[in-house]
Every structure is written in C-alpha cells, then in structure tokens.
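Below is one structure, written out as structure tokens; the observations come after it.
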Amino acid sequence: MQIREGPARRAAPSAAGALRLPMSAMMLAMFATMASFYVAGRLWQDAQNRVYLIKELDRRTGQGQSAISVDDTLKVVACRQQGKRLASLEMELAAAKHEGFVGKYTPETNGTHSRKKPLIVIGIMSSFGRKNYRDAVRKSWLPTGSMLKKLEEEKGIVVRFIVGRSANRGDTFDREIDDENRSTKDFLILDDHIESDEELPKKTKSFFANAAETFDAAFYAKVNDDIYINVDTLSAMLETHWDKPRVYIGCMKSGEVFSDSTHKWYEPDWWKFGDGKSYFRHASGEMFVISRAVAQFISINRSLLRTYAHDDVSVGSWMIGLAVKHVNEAKLCCSSWPSGAMCSAL
C-alpha cells in the first residue's frame, strides 16, 4: 500500500533572513538621503558663488542688471586661483632671492643672445619746451650714446625721459620730440597720453603701466626732470629691498588739503579727505620707487584707478588699499639734501 506524501512544505524564513531585507533597504535609503544632501549642498554652494559673482560684477561695472554664464563664473574662479598662486610664487621667489638661491641680477638667454633683466627703470617726467632741463640732466648724471647702453647692460639701470603726445597729433611739438629721440634714443613716448600739466597724475599712471609692459625690471621709479640722481647709491639701496615683492619707497610725507580753488595746490576732491583736510602718508612726488608687482597692478587696473590733482597723492591713494610695504627713505627727500642723499634738486 503506497502512502502519498503531500506537497513539501516551504521552510519558514529564518529570523536573520527576515531582518536582512529591511536592513538592506534601510542602508540604501540612508545612502540615497546622504547623496541627496551632498548634491543639494554643492548646488546651493555653486548658486551662492554665482550670486556673489553677479553682485560683484554689478558693483564694479555700475550696472543694475547683469548676466553671467557658468563658463564666465568658472573663468573668474580660475583667475582668482591663479592670482593666489601667483602671489604665493612671488613670496617664494622673494624668499629664495633673500636666501641667495636666485641671483640678484639674473641673465636671461634668448637663443644665442644673453640679456640681463633690468634692476630699475627710471622715468624722468618731462614735457614740451623743457629741452634745457633734459640737456642739464644729460650733462649732470645721465650718460648718453654708448655710455647709456653700458649703464643698462652693466648696472641694469634703464633711464628714459617720459613725454606724451600733443593734442594736435603730429604737430611741431611732436616732431621736435621725435627728432630729439632719434638723436639721443633716451625717450619713452606715451602715445596713449595727451601732454598737459593738469594731467600729470594720469601721465604717471600711464608711465608705470607702459614701463611694466615694456621692461621686465625689478623696480620702477618716477622722478622729475629737475632732479639729480646718484645711480650707484640708488642701486645699493634697492638691493636691500629684494626681499619685499610689493614695496613703495620714497620720502613719506603728509600735508594739508587745500580747498581754495585759487591756491597753487588746490585739490578739487578736498571733501573726500575728511574734516581734518589732511592727506594720508604718501611718497613725495620728486622721486619714488615701486616694485614690479605694484607696477603690474597699476598696468592691469589702469582704467579703474582714480587720480587726484597731484600725482604723488594719486599713487599714494592706490597704495593705501594694497598689501604694500611702505618704506620711508630719507635719502629720497631730494629737496632737503639729507646726508648720503640719492637725489637732489638741480
């Protein structure tokens, strides 16, 4: 007699198996939630960055509404990162020079030719009708001809008379300067500047911008055309500032801001200097020196930099907001003839 067996009963799920499915689902849910928070956080951060950049662009351009694409945003962020890296490299380079790992006067090789980077570019502010002053400079401290070239090659000191163009381009004033330059080859002519006594601050800004683009020097100096310079003493002084990548050197002073329009030193923007009517500390305009990083800043931001009635005050105002080392160098007080002076009035 055969006994039929009923259908096999399914084994009851174990307790461990019963818990495994809910635990796996819970873990997936947790990971999904965390991923959602992470993605939302990144999107929110990117959105905040875009909002900040748009507001910053509006503020700087003076526009009420502005649109900025994702590509533009990435470019701005990349520029900021490159700026930070450049500043870091400048500091490292300055430290290396200070420790003696980089020569203070470095030859650069270009093909078969070797050249030296200038130590300093000296811009002598001159203008139309001041040839007598330029000749006095050439006879006193500025060499001419082959000796001028020797000064550049052996001591790294480049000197140029700085002159703009006439409002009537190509007139007698322009031709006289061009003829003189063909003979002496010691001019840096600012084609983007109209020569005018009232526009000296803009001329000084144009000089630093053009000099930084033309000459890869360590320092740049502005000097008036009635000043005598001891180039050897100046060179020795600059060597003590190689460890300062951003430096502003001069005979630091302050002084009264004149609101009387009939006064020689009248300042149209006198009200911006507060109730005390006193200028901030700045280098005397007879002669002052800035480092390459500062000159590059002026070159890049020339269209944004505000000028005042006087060039020394204008440059000093740009330095106020920068991480620049102000050096009060008494030997650059040209009018007072200090002991060991680097300059004096002719």
Side-chain angles (χ1 to χ4, degrees), residues 115-231 234-235 285-290 292 295-296 298-299 302 307 311-312 314-315 334 343 345-346:
R115 64 184 178 88
K116 292 181 178 180
K117 294 177 64 173
L119 169 66
I120 185 171
V121 175
I122 302 174
I124 306 174
M125 295 294 150
S126 192
S127 61
F128 304 135
R130 292 183 68 88
K131 187 176 184 301
N132 290 339
Y133 285 87
R134 293 191 290 272
D135 288 340
V137 169
R138 294 181 183 114
K139 292 177 181 178
S140 59
W141 66 271
L142 178 62
T144 58
S146 62
M147 297 303 293
L148 178 63
K149 193 70 174 177
K150 185 177 180 180
L151 179 68
E152 297 177 8
E153 294 177 348
E154 295 186 359
K155 296 187 177 181
I157 299 175
V158 177
V159 186
R160 296 290 186 271
F161 289 103
I162 311 303
V163 178
R165 285 300 188 183
S166 171
N168 301 313
R169 188 63 64 95
D171 64 4
T172 303
F173 293 119
D174 279 352
R175 291 196 298 271
E176 287 178 351
I177 292 297
D178 289 336
D179 291 342
E180 186 178 346
N181 187 36
R182 275 191 288 270
S183 174
T184 60
K185 295 179 174 59
D186 55 8
F187 279 84
L188 175 60
I189 299 175
L190 305 176
D191 289 319
D192 61 347
H193 176 76
I194 302 300
E195 192 65 41
S196 170
D197 292 340
E198 294 76 21
E199 298 295 337
L200 181 56
K202 293 180 180 178
K203 180 178 179 179
T204 300
K205 178 171 64 173
S206 179
F207 157 62
F208 283 128
N210 282 277
E213 295 171 358
T214 306
F215 302 98
D216 184 19
F219 299 97
Y220 302 82
K222 175 263 177 182
V223 61
N224 292 340
D225 63 2
D226 58 354
I227 298 296
Y228 169 88
I229 297 177
N230 185 326
V231 293
L234 175 64
S235 177
E286 292 176 318
M287 181 177 181
F288 57 84
V289 181
I290 61 175
R292 175 162 181 77
Q296 287 177 314
I298 295 173
S299 176
R302 72 180 81 177
T307 57
D311 66 331
D312 53 355
S314 299
V315 175
C334 308
C343 61
L346 288 172

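Just so it is clear, the structure is predicted and the values come from calculations on it, not from any experiment.
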| query | Is there a donor in the side chain of Ser206 and an acceptor in the side chain of Asp192, or the other way round, less than 3.5 Å apart? | reply | yes
| Atom OG1 in Thr144, atom CG in Leu151: separation rounded to 0.5 Å? | 11.5 Å
| request: List for me each residue that meets side-chain contact (heavy atoms from CB on, under 4.5 Å) alongside Thr184, sequence neighbours excluded, and say none if there are none. | output: Arg138, Glu180, Asp186, Phe187
| Flag side-chain contact, heavy atom, 4.5 Å: Leu119 against Ser235 | yes
| message | Could you tell me if the side chain of Arg160 sits less than 4.5 Å from the side chain of Val121, heavy atoms only? | response | no
| task | Starting at CD1 of Ile189, measure out to CD1 of Ile177 and round the result to the nearest 0.5 Å. | result | 7.0 Å
| request: Look up atom CD1 in Ile124 and atom OH in Tyr133, then write down how far apart they are to the nearest 0.5 Å. | output: 14.5 Å
| request: Applying side chain to side chain contact (heavy atoms under 4.5 Å, CB included), run through Asp216 and Arg292 and close with a yes or a no. | output: CA-CA 8 Å; Asp216 184 19; Arg292 175 162 181 77; 3.0 Å; yes
| So Lys203 and Asp311, side chain to side chain contact (heavy atoms under 4.5 Å, CB included) or not? Walk me through it. | CA-CA 8 Å; Lys203 180 178 179 179; Asp311 66 331; over 6 Å; no
| task | For residues Gly123 and Ile162, report the shortest heavy-atom separation together with the two atoms involved. | result | CA-CG1, 3.7 Å
| said: Go through it in stages, so that I can follow the logic: the residues are Asp178 and Arg165, the test is salt bridge (charged side-chain N to carboxylate O under 4.0 Å, His left out), and I'd like the CA-CA distance, side-chain angles, deciding distance and then a yes or no. | reply: CA-CA 10 Å; Asp178 289 336; Arg165 285 300 188 183; 3.2 Å; yes
| remark: For Asn224 and Gly285, the nearest pair of non-hydrogen atoms, with its separation, is OD1-O, 3.6 Å
| note | So CZ of Phe128 and OG of Ser196: to nearest 0.5 Å the spacing works out to 10.5 Å
| Any side-chain heavy-atom pair of Trp141 and Val159 under 4.5 Å | yes
| message | Under a 3.5 Å distance rule, please check whether Lys205 uses its side chain to pair with a backbone N or O of Arg302 as donor and acceptor. | response | yes
| said: Counting only heavy atoms from other residues, nucleotides and ligands, does the tally under 6.0 Å from CZ of Phe215 exceed 12? | reply: yes
| Between the main-chain N or O of Phe173 and the side-chain N or O of Asp171, is there a donor-acceptor pair closer than 3.5 Å? | yes
| query | Do Arg169 and Asp174 come within less than 4.5 Å of each other through their side chains, counting heavy atoms only? | reply | yes
| request: Could you tell me which residues satisfy side-chain contact (heavy atoms from CB on, under 4.5 Å) with Thr172, sequence neighbours excluded, listed by chain and number? | output: Arg175, Glu176
| task | Locate the shortest heavy-atom distance separating Glu195 from Gly164; write the atom from each residue and the value. | result | OE1-N, 2.6 Å
| said: Using 0.5 Å steps for rounding, measure from the CG atom of Leu142 to the CZ atom of Arg134. | reply: 12.0 Å
| query | Is Thr204 reaching over with its side chain to a backbone N or O of Leu200, donor-acceptor style, under 3.5 angstrom? | reply | yes
| field | Close side-chain approach of Ile194 and Glu199, heavy atoms under 4.5 Å | value | no
| request: Quick one: do Asn210 and Thr214 satisfy side chain to side chain donor-acceptor pair (under 3.5 Å)? Show the steps, please. | output: CA-CA 6 Å; Asn210 282 277; Thr214 306; 5.4 Å; no
| message | Minimum heavy-atom separation for Tyr220 and Ala295, please, with both atom names. | response | CD1-CB, 3.6 Å
| query | Does the pair Leu234 and Met287 meet the rule for a side chain to side chain contact (heavy atoms under 4.5 Å, CB included), with working shown? | reply | CA-CA 11 Å; Leu234 175 64; Met287 181 177 181; 3.7 Å; yes
| query | Could you state the interatomic distance from CG (Leu188) to CZ (Phe161), rounded to the nearest 0.5 Å? | reply | 12.5 Å
| message | As a quick check of understanding, evaluate salt bridge (charged side-chain N to carboxylate O under 4.0 Å, His left out) for Asp312 and Lys222, giving each step before the final call. | response | CA-CA 10 Å; Asp312 53 355; Lys222 175 263 177 182; over 6 Å; no
| message | Is the shortest side-chain heavy-atom distance between Met125 and Phe207 below 4.5 Å? | response | yes
| For Asn132, all residues meeting side-chain contact (heavy atoms from CB on, under 4.5 Å), sequence neighbours excluded | none
| Exercise: identify the closest heavy-atom pair between Asp225 and Ser126 | OD2-OG, 3.3 Å
